[in-house]
Amino acid sequence: MTPRATYLLNYGAYQLGWLAAILGAASGYGTAGACVGFVLTAGHVLLARDRRGELVLVLAALAAGVAVESWQIASGTYRVLADAAPGALPPLWLLALWAQFATTF
């Protein structure tokens with residue numbers, strides 16, 4: 001596959017995962033949308049040349065996502081209504097966005 005085709009495929013997968021997470025959350029299927037995002041992220045990691053490096057990047061983004069979103073929810077910056085987790089934990093669909101974001105690097 002050419003580098004351009006690889007970039008376009010990665011961009012398309014990112015957009016599909018983002019759309020699935022957002023539309024899933026908006027229609028009450030946030031967990032299903034998150035699953036799509038996480039499956040696409042796993043596919044990205046499995047197809048990457050440097051799987052370990054990509055996995056580390058995705059896990060770092062997830063850790064940052066949990067920290068940032070938990071802090072914002074706990075501080076009252078915003079309130080998550082779709083598939084809200086107990087306490088100040090962010091829902092899975094929101095974490096799927098962070099994982100997918102890491103695949104754009």
Worksheet item: Can you name the nearest heavy-atom pair linking R51 to L46, along with the distance?
Response: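 Scanning both residues completely, I find the closest heavy atoms to be NE-O, 2.7 Å.
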#### Entry: Heavy-atom closest contact (S70 atom, P90 atom, distance)
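That closest heavy-atom pairing would be OG-CD, 3.2 Å.
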What residues, two or more places apart in sequence or in another chain, satisfy side chain to side chain contact (heavy atoms under 4.5 Å, CB included) together with [X]?
X: T6; value: M1
X: A102; value: L57, V58, A61
X: V39; value: none

Can you give each donor-acceptor pair under 3.5 Å made by side-chain atoms of residues 8-21, sequence neighbours left out, with the distance rounded to 0.1 Å?
residue, atom, partner, partner atom, Å
N10, OD1, H44, ND1, 3.1
N10, ND2, T103, O, 2.9

From [X] atom [atom1] to [Y] atom [atom2], the distance as rounded to the nearest 0.5 Å:
X: C35; Y: L40; atom1: SG; atom2: CG; answer: 11.0 Å
X: L97; Y: L92; atom1: CG; atom2: CG; answer: 11.0 Å
X: W93; Y: L23; atom1: CH2; atom2: CG; answer: 11.0 Å

*Please name all residues satisfying side-chain hydrogen bond (donor to acceptor under 3.5 Å, both in side chains) with S75, sequence neighbours left out, ordered by chain then number.*
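So S75 forms a side-chain hydrogen bond (donor to acceptor under 3.5 Å, both in side chains) with T77.
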For W98, which residues count as a side-chain hydrogen bond (donor to acceptor under 3.5 Å, both in side chains) partner, sequence neighbours excluded?
->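 Checked W98 against side-chain hydrogen bond (donor to acceptor under 3.5 Å, both in side chains); matches are E69.
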Ring pair (Phe, Tyr, Trp, His ring centres under 6.0 Å) involving F38 - partner list, sequence neighbours excluded: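 For F38, no residue satisfies ring pair (Phe, Tyr, Trp, His ring centres under 6.0 Å) once neighbours in sequence are set aside.
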- Query: Any chain of hydrophobic side-chain contacts (each under 4.5 Å) joining V66 to W71?
  - Reply: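 Looking at the clustering, W71 is in a separate group from V66.
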| field | Hydrophobic cluster identity match, I22 and V36, side-chain contacts under 4.5 Å | value |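 Hydrophobic grouping puts I22 apart from V36.
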